[in-house]
Amino acid sequence: MLRKLMRKKTADIQLLDERIEAVKNRQIPNHVAIIMDGNGRWAKQRKMPRIAGHHEGMKTVRQITNFANAMGVKALTLYAFSTENWKRPRMEIDFLMNLPGEFLNTYLPELMEKGIKVEMIGDMDALPSHTEKAIKKAMEQTKENKGLILNFAMNYGSRVELVHAMKEMAEEVASGTLKVEEIDEGLIESKLMTAHLPEPDLLIRTSGEVRLSNFMLWQLAYAEFIFTDVLWPDYDEDCFLQAIEDFQKRNRRFGSLEGDQKR
Ligand code: V07
């Protein structure tokens, strides 16, 4: 019985390995963006407090980060805290604001080992100072790393980001350093917090919600969207591989048109 189970397990791993090899031979998304939903629901199903779900979700962040890095994804943006999340109970917010510190205390050595670079988008100023310190320290320590960019969206809202970009351009026009005719997509892009990142080509949202919720509205203009009912704490390598396989299937339908030419 045990031997039979082990044989099955070995076969599963072999199958996963074969899928990974096949996927690696095709176009890997440059930049994957994920809305990590369903942590509260995961906890509720187990009669546990919501924060237990958030904590479990953090383990998924580690697993998916390592897997994306191994697959050759260049950037992974994770929506960790939205500007809307401030409406949650105080105790839940306090818990969430401790997660970056806990995550980084535990995984920073592993991130260094794997060459992963930590970055952040969103309004850092509004975060508690201990949260800001933990993130800044990790960004500083990993800034020379050449592997995956692990980009956390924290206190991020896409419309606020766009308002900020527009104000900057308006001021430059008012001061005479920018001409209205010079405003184009490239310039707008350069004013966004994602300016240095490749455009996201795949968006994943877990837990069955089918909305963008003010996440990278400009940047996701040409991305493939994948929605799954799987709750974020249950999301695993198999799910992520499935998402890349679906992405590649959709992209192949464009025949010779690949990547940026697709638009
Ligand atoms: C958070 C765990 C994942 C599911 C979604 C909500 C809860 C990792 C971080 C993090 C953020 C910045 C950083 C390092 C780690 C995080 C929050 C919530 C607020 F530099 N997970 N995670 N931050 N959750």
Side-chain angles (χ1 to χ4, degrees), residues 32-46 48-69 75-112 114 116-143 145 147-157 193-194 197 203-209 211 213-215 228 230-236 239-240:
V32 181
I34 309 184
I35 303 176
M36 309 180 286
D37 226 347
N39 303 287
R41 204 174 307 167
W42 181 92
K44 195 171 177 195
Q45 285 174 357
R46 288 163 179 74
M48 286 152 78
R50 288 174 60 80
I51 55 171
H54 296 318
H55 199 264
E56 194 65 24
M58 196 174 68
K59 298 183 193 166
T60 308
V61 169
R62 177 199 177 201
Q63 198 194 17
I64 296 304
T65 298
N66 287 336
F67 192 58
N69 185 46
L76 179 67
T77 296
L78 303 177
Y79 208 177
F81 195 88
S82 76
T83 47
E84 296 302 299
N85 287 155
W86 295 112
K87 293 179 190 152
R88 298 202 177 161
R90 174 69 198 270
M91 176 249 148
E92 189 177 336
I93 294 174
D94 288 348
F95 183 87
L96 286 168
M97 287 303 149
N98 278 323
L99 289 183
E102 185 180 342
F103 180 91
L104 295 166
N105 277 336
T106 318
Y107 300 131
L108 201 52
E110 186 175 313
L111 297 176
M112 288 306 292
K114 298 192 162 139
I116 295 169
K117 183 174 176 179
V118 176
E119 292 189 2
M120 205 206 97
I121 55 170
D123 181 7
M124 180 96 103
D125 294 343
L127 302 179
S129 61
H130 68 276
T131 310
E132 185 183 338
K133 255 188 225 146
I135 298 173
K136 276 194 174 153
K137 186 182 129 202
M139 285 168 58
E140 177 62 29
Q141 266 197 49
T142 61
K143 71 176 184 208
N145 287 353
L148 175 83
I149 296 175
L150 174 57
N151 182 37
F152 288 100
M154 291 277 292
N155 192 27
Y156 172 85
M193 291 185 274
T194 49
L197 296 173
L203 168 86
I204 300 168
R205 182 167 189 159
T206 57
S207 187
E209 305 309 333
R211 296 189 297 275
S213 301
N214 203 18
F215 188 48
T228 167
V230 176
L231 309 178
W232 179 249
D234 292 327
Y235 200 81
D236 61 10
C239 301
F240 191 76

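Both ligands and their constituent atoms are indexed starting at 1 by order of listing.
Nearest protein heavy-atom contact of atom 4 (C) of ligand 1 is Asn39 ND2, 3.5 Å. Protein heavy atom nearest atom 19 (C) of ligand 1, with residue, atom name and distance: Leu96 O, 3.5 Å. Looking only at protein heavy atoms, the nearest one to atom 8 (C) of ligand 1 is Phe152 CE2, 3.8 Å.
Near Met36, with a cut-off below 4.0 Å to any heavy atom, the atoms of ligand 1 are 3 (C), 4 (C), 5 (C). Taking every heavy atom of Gly57 and a limit of under 4.0 angstrom, the matching atoms of ligand 1 come to 2 (C), 3 (C). Those atoms of ligand 1 with a heavy atom of Leu99 less than 4.0 angstrom away are 1 (C), 7 (C), 18 (C), 24 (N).
Neither the backbone nor the side chain of Leu78 has any atom closer than 4.0 Å to an atom of ligand 1 (non-hydrogen atoms only). At a 4.0 Å heavy-atom cut-off, ligand 1 does not touch Thr60 at all. Of all the heavy atoms of His55, none lies under 4.0 Å from any atom of ligand 1, so neither backbone nor side chain is involved.
Note: Tyr79 and Phe215 have parallel aromatic rings, judged against thresholds of 30 and 60 degrees for the angle between ring planes.
Electrostatic pairing of Glu140 and Lys143 counts as a salt bridge here, judged by a charged N lying under 4.0 Å from a carboxylate O. Ion pair Glu56/Arg46 not flagged as a salt bridge, since none of the NZ, NE, NH1 or NH2 atoms sits closer than 4.0 Å to an Asp/Glu carboxylate oxygen.
A donor-acceptor contact under 3.5 angstrom links the side chains of Ser213 and Arg205, judged on distance only.
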